[in-house]
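In what follows, chains are A, B, ... by sequence order, proteins preceding strands, each numbered from 1. Being a predicted model, the structure only gives us computed values, none of them experimental.
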2 protein chains.
Amino acid sequence: MIRDLEPLLPASAQPVLCETELVAVLVCISHNTPHILTLEHGRSFPSGPLMVEHRSLQKGMRNWVERQTGLKLGHTEQLYTFADPRHGHGHQMVRISYMAFIRENSEHALAAHSIYDYFPWEDRRDPASTTLLHTIAGRLRLWASGNAQRWQRCATVFGLDGHHWNDELSLQRYELLWEAGLVAESNWQNTPLLPGLSMVRDYRRILATALSRMRAKIRYTPAVFDLLPQQFTLLQLQQAMESLAGRFMHKQNFRRLVQQQKLVSRTAEYDSPVQGRPAQLYQFAPEMAEHCYLAGAKLPLPAIS
Amino acid sequence: MIRDLEPLLPASAQPVLCETELVAVLVCISHNTPHILTLEHGRSFPSGPLMVEHRSLQKGMRNWVERQTGLKLGHTEQLYTFADPRHGHGHQMVRISYMAFIRENSEHALAAHSIYDYFPWEDRRDPASTTLLHTIAGRLRLWASGNAQRWQRCATVFGLDGHHWNDELSLQRYELLWEAGLVAESNWQNTPLLPGLSMVRDYRRILATALSRMRAKIRYTPAVFDLLPQQFTLLQLQQAMESLAGRFMHKQNFRRLVQQQKLVSRTAEYDSPVQGRPAQLYQFAPEMAEHCYLAGAKLPLPAIS
DNA sequence: GTATATATGCTCTTAATGAGTATATATAGC
DNA sequence: GCTATATATACTCATTAAGAGCATATATAC
């Protein structure tokens, strides 16, 4: 019962050396849409090697990103580690991916592609996404024909057949499209592709992971506030949430949630709009920093299929 | 707007080579309690080096675990990757941790320590946990005295001051105890320790991550079924959920959930109990495999503090 | 029978969520 | 002043999920 396992490998096993790279998915919001900072014309993420002097992976990543770009990183989390076996050279290549939030700021008009350029079906605010999802549903139905369990999977993941659209399933959706050969990265049979930019290696999969994670994260932590300026209007806050979740929310219910939880406090200042009543500016009230809940104010989506 | 970032590091930067190790948290249920397979008298996890021939990290891990132990791995997921800077040798050591489920089976009476031997406060089924949490609350109050925000954090994470106990926060709880110097790994000042086994390096933190993850995972995926035998009674299923969540559930409401979702189908067979009516044996019905929801049948917990 | 455990059927309260209606307030431009 | 525009609030209401309790069959061993 309390006996130990034998050591699983002989002590004589030679350690294998790997190249190790840190990959950063840097997210910021501009023009009401989440963007990522990219390299190689939107096909790659910034990355750097792990150094001997780095005391932790996260610190290593923050270090070189902040030094090289001058950007301050907000909420940071590890996404996934993957190996690249086709790397050759007789040793492995390991990549460790991170996601970090950058505060909205006109300065870094750098480098940004909209996340939804890569996953057009994920932005349910755009009416075109419903049409696209119709197309996708048709293609998946073909792919799944005869295989009931496979279709069941498509239906739950894409919100078909009376299932609800779950915005956090963007990774599963991408994986399903990959399996079905509908994205450039897996398009072995030259069937017509779905719209959406692709990336090098499996970086688009990493981006899908990031999208899933950020959608999950903003629901129950105050991470959104790391994407907004220090002062913001409640509408800005709502639109930031909407842009990440890819769907609209009910204004009154959203404010009910925000204010019940005392997540923000009003400042003395006001927005200066082109037209209309100036909006009150708020700031994040970190007293309630540990937990919050900002979902639960969704508006209905048009049905697919 | 659509401009690329400059490459962040000069091409001349030398790649740094790392030793890379795969660490496995192997979980199984026995005696109504989740257990882990351990090495070094419960202080370490089985691990093995990444080999050049491994085509993916997950496959690499499955390969050597299954070959060395003869165990079949069920639901498997990557937990976290971390660097060990104190490793010396002029190069880094990178460890990639995985969690995998093993089916309940009397054979592997191997190597198992209860997860709650490491985190006694996490098993709220045990009445002793409430007493222990009283102690912890007192110690944390001392540690946080004067720092309102710090106390706020303790309260939400440990379910104090009218907050609810959230079983998925086991990692945050361990981290808080670490920061407060109440666990062996961070006990710099020789204050009295909390009960609970410790592990080498930061392996106990990895275990806390695993506990958080599995508690989150079993709520909305059918991963529990990878811990149970092929055929099981509904009570067994409920007790498996309870053992992972560390809290009791309401029998009638639990069955309402299971049966509404058609997660299981009855077999022709029955349990053979020592006493009492024999229980019907069920099996997992993978038609609904994609998503399920098995939380939402909790019983009230005694208040702490 | 009796003890024990499985198995099931209801009811009820509370709270969260989703959704709608109405209205007051503050600016710019005419 | 009036209008267009946008912010900001105050309510109400229906539906559902979650939590909790009560009662009662049913099948076995002793």
Side-chain angles (χ1 to χ4, degrees), chain A residues 32 124 159 162-167 219-220 231-239 241-242 245 247-261 264-282 291-303, chain B residues 32 124 159 162-167 219-220 231-239 241-242 245 247-261 264-282 291-303:
Chain A
N32 259 334
R124 304 288 259 108
H163 289 267
H164 290 280
W165 176 263
N166 182 342
D167 50 58
R219 311 190 134 229
Y220 59 91
Q231 299 203 337
F232 48 83
T233 69
L234 290 182
L235 187 64
Q236 262 183 291
L237 175 60
Q238 182 180 341
Q239 285 176 337
M241 292 293 294
E242 289 177 335
R247 57 188 304 174
F248 291 117
M249 302 177 94
H250 183 113
K251 184 192 269 186
Q252 296 92 317
N253 291 350
F254 180 76
R255 294 185 180 210
R256 177 170 71 188
L257 279 178
V258 171
Q259 268 149 3
Q260 266 173 3
Q261 295 173 88
V264 295
S265 59
R266 51 178 7 140
T267 67
E269 289 166 72
Y270 289 85
D271 197 20
S272 34
V274 188
Q275 207 174 22
R277 172 176 171 176
Q280 178 100 50
L281 286 172
Y282 288 80
H291 278 280
C292 69
Y293 182 66
L294 288 178
K298 295 167 211 143
L299 281 182
L301 291 168
Chain B
N32 260 334
R124 306 286 261 110
H163 289 267
H164 290 281
W165 176 264
N166 183 343
D167 51 58
R219 312 189 132 228
Y220 58 93
Q231 298 203 341
F232 47 84
T233 70
L234 289 182
L235 188 64
Q236 262 182 290
L237 175 60
Q238 181 180 342
Q239 286 175 336
M241 292 292 295
E242 288 177 335
R247 59 189 302 175
F248 291 116
M249 302 176 93
H250 182 112
K251 186 191 267 185
Q252 296 94 314
N253 291 350
F254 180 76
R255 294 183 181 212
R256 176 171 71 186
L257 279 178
V258 171
Q259 269 149 2
Q260 266 172 3
Q261 296 173 89
V264 296
S265 58
R266 49 177 6 139
T267 68
E269 287 167 74
Y270 289 86
D271 195 22
S272 34
V274 189
Q275 207 174 21
R277 173 176 170 177
Q280 179 98 51
L281 286 172
Y282 287 81
H291 277 281
C292 68
Y293 181 67
L294 288 178
K298 295 165 211 143
L299 281 182
L301 291 167

Hey, does B:L234 have a side-chain heavy atom less than 4.5 Å from the side chain of B:Q259? yes
Given the rule that a pair is Watson-Crick or G-U wobble with both distances under 3.5 Å, how would you write DNA chain D in dot-bracket, using | for pairs to a different strand? ||||||||||||||||||||||||||||||
Under 4.0 angstrom, heavy atoms only, what part of the nucleic acid is A:Y293 near: base, sugar-phosphate, or nothing? sugar-phosphate
Could you tell me which residues satisfy side chain to side chain donor-acceptor pair (under 3.5 Å) with A:E269, sequence neighbours excluded, listed by chain and number? none
Just how far, in rounded Å, is C1' of D:dA20 from CZ of B:F248? 17 Å
Could you tell me if the side chain of B:Y282 sits less than 4.5 Å from the side chain of B:Q231, heavy atoms only? no
Nearest-Å distance for atom pair NE2/P, residues B:H250 and D:dA23: 14 Å
With sequence neighbours left out, write down each residue that passes side chain to side chain contact (heavy atoms under 4.5 Å, CB included) with A:E242, or none if nothing qualifies. A:R125, A:Q238, A:Q239, A:F248, A:M249
Checking B:Q236 now: which residues fulfil side chain to side chain donor-acceptor pair (under 3.5 Å) with it, not counting sequence neighbours? none
What is the distance from CZ of B:R247 to C1' of D:dA18, rounded to the nearest Å? 12 Å
Of all residues at least two apart in sequence or in a different chain, which pass the ring-ring contact (aromatic ring centres under 6.0 Å, His included) check with B:F232? B:F225
For B:M249 and D:dA18, what is the distance between atoms CE and C1' respectively, to the nearest whole Å? 11 Å
Residues which pass side chain to side chain donor-acceptor pair (under 3.5 Å) with B:R219, listed by chain and number, not counting sequence neighbours: B:E168
Sequence neighbours excluded, which residues qualify as side chain to side chain donor-acceptor pair (under 3.5 Å) partners of A:R277? none
Nucleic acid footprint by protein, nucleotides 2-11 of chain C - heavy-atom cut-off 4.0 Å, B for base, S for sugar-phosphate alone: --BBBSBB--
